[in-house]
Amino acid sequence: MNRNTHRARAKDHRTTDVLVVGAGPTGLMLGCLLRHHGIACTVIDRRDTIDPRTRAVMVHAAGLEILDTLGLRTAVEDAGVRQARIDFHTRHHALFTVDFTDLDTAFPYYVNVPQPEVEAVLADHFTTTGGRLLRGLRYTGHHEDEHGVTARAVTDDGPHTLTARHLVGADGASSTVRTALGIDFPGITYPMSYLLAEGTPTRPADPDASAMYIGPAGAVSLLPLPHGTVRIAGPVSPEARDRDSELNTRHFHDTVDTLGFGPALRFERVDRIAHYQVHERLAERFTSGRTVLAGDAAHLNSPAGGQAMNTGFGDAWALAWRLAALDAGSTAPLLADYDRERRAAAAEVARTTGVLPLLDAMRHATTETARDAVQRSLTGYAEAWSQLYLRYHPAPAAAPAPDTTAADPAPPPDTAHLVLPTRTGHRLHPGARVPGHRPEPGHHTCLHLPGATPDPAHLPPHTRTAELTPTQRAWLPTDTTAVLVRPDGHVAHTLPTDPHTTAGATAETEKEAA
């Protein structure tokens, strides 16, 4: 148990600003970000210790930027393996690649790091910065009124009560918070089961790339892990399905060998075998009064592209500044905006992880022309899976008139989408994320051209100013001199050259931020 983790005491009544149920990567990341904003936070979890299973492993560039903001990126990277590519291998010796090295970020790569290692880094930082982590405490329900939320929980010794301004359910796919709210979790479960094994491979893995091996009857992923180990996962053969008690190395090798890649997918030593299923689900809403869902409690998707932990980090990043603003007295509908934006983002992630048609195209790409076409179709996957280029469409009431000259025209109001960087015409329109921008807690930022700083009187409170980088200048729409960036790094407004128009736009933003 972490030195600053507390075992809950029976009948102990505690008050905090934000109570988070679930000490997984999403809940702990939210706790760290709330402490970064100076918000009192308590995280509770039914487990006495961190779950030692590897589970999620990929941390992409957007997540690395968040970790860097907290000063934790190096610690996480030191516990993992830095990766530059995802390679796709076929039986007819074709190789397709998704390359992450051209991303517009200080961290143009992803890191394979076991989830328990990430949780340990976050938990230590959370408690060191004043957060309270209570383990061995099982949430059983809550009620709320105009003043806040009162949550009920139990330990081995008896009941426990906690009060907070807001409650966040980050308690995983079987979320008891979501169940207590009566929120439906519709979606699908893939018809096939999957088998996962971890250990030392017969052949050393490529240290720079994770891989997908595509055979006639299926596909298997191979992810390098620390200390020369790997994870190999893929569909279970029909005869091995529903035989969890008999899972062993032979079953695994028999399944993988049907792909025909031989020693490339064999283990010298197997340390762990697990049987699991894949789900795609999206909660019908992410908020209810003062209670919010985040991470797997709100959405599940295919493991393709390693999106689960990163999407949870995105939820935490989008939620922390809103809860901080509400704590400071904002009356803006910030939780409703979180619901709208992050629900759309989770749906977009599900779209970009639906790769079965792509794998089938690779499987049948036997000519040079077909292979070139498949490689071209991979354009944009690094950008999408990095989650750097997510664009939220502005709320309908504040949406500007469509810009028909934009290279990335606005989607319908209830959607988010992922756009590509400068080479495909990315623009800093409202809702766009500004890759590489490092927000400060509680502050809007006015990024401006040299000599074009808007009048501070026309900006929201606590706005800092900085010059646009050369890359960001290339993204700036015509006839604008600056962009106003929210605390989560997304554009709130573009500011035109006309000072009267600028005043109107920033006055509206000030009203929203109040």
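When reading the values below, keep in mind they use all heavy atoms of this one structure, side chains included, and skip hydrogens, waters and symmetry mates.
Note: His444 and Trp321 have perpendicular aromatic rings, judged against thresholds of 30 and 60 degrees for the angle between ring planes.
Defined by atom type and a distance below 3.5 Å, a donor-acceptor pair is present between the side-chain atoms of Thr176 and Asp171. When only modelled atom types and interatomic distance are considered, Arg342 and Thr311 share no side-chain donor-acceptor pair under 3.5 Å.
Taking the six-membered ring for Trp and the full ring otherwise, Phe100 and Tyr109 have centroids separated by 6.0 Å or more.
Contact record, Val113 with Ala79: CG2-O, 3.7 Å, taken as the closest heavy-atom pair. Nearest heavy-atom pair, Ala294 versus Thr26, reported as atom, atom and distance to 0.1 Å: CB-CG2, 3.8 Å.
At a threshold of 4.0 Å, the pair Glu146-Arg165 does not count as salt-bridged, since none of the basic side-chain nitrogens sits closer than that to a carboxylate oxygen. In this structure, Arg343 does not pair ionically with Glu348, as no charged nitrogen and carboxylate oxygen lie closer than 4.0 Å. Under the 4.0 Å criterion applied to side-chain N and carboxylate O atoms, Glu280 and Arg351 are not assigned as salt-bridge partners. Salt bridge Asp48/Arg135: absent, no basic N to carboxylate O contact under 4.0 Å. Using a 4.0 Å cut-off between charged side-chain N and carboxylate O, Arg486 and Asp488 make a salt bridge. Look at Arg269 and Glu198 and you find no salt bridge, because none of the NZ, NE, NH1 or NH2 atoms lies under 4.0 Å from a carboxylate O.
Relative to the six-membered ring of Phe185, Arg178 meets both conditions, a distance below 6.0 Å and an angle of at most 45° to the axis.
With respect to Thr105, the side-chain contact (heavy atoms from CB on, under 4.5 Å) criterion is satisfied by exactly one of Asp68, Leu388, Leu64: Leu388.
Not a single donor-acceptor pair under 3.5 Å links the side chain of His443 to the backbone N or O of Arg464.
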Checklist entry - Taking it one step at a time, do Thr150 and Thr163 satisfy side-chain hydrogen bond (donor to acceptor under 3.5 Å, both in side chains)? => result CA-CA 4 Å; Thr150 301; Thr163 60; 5.7 Å; no
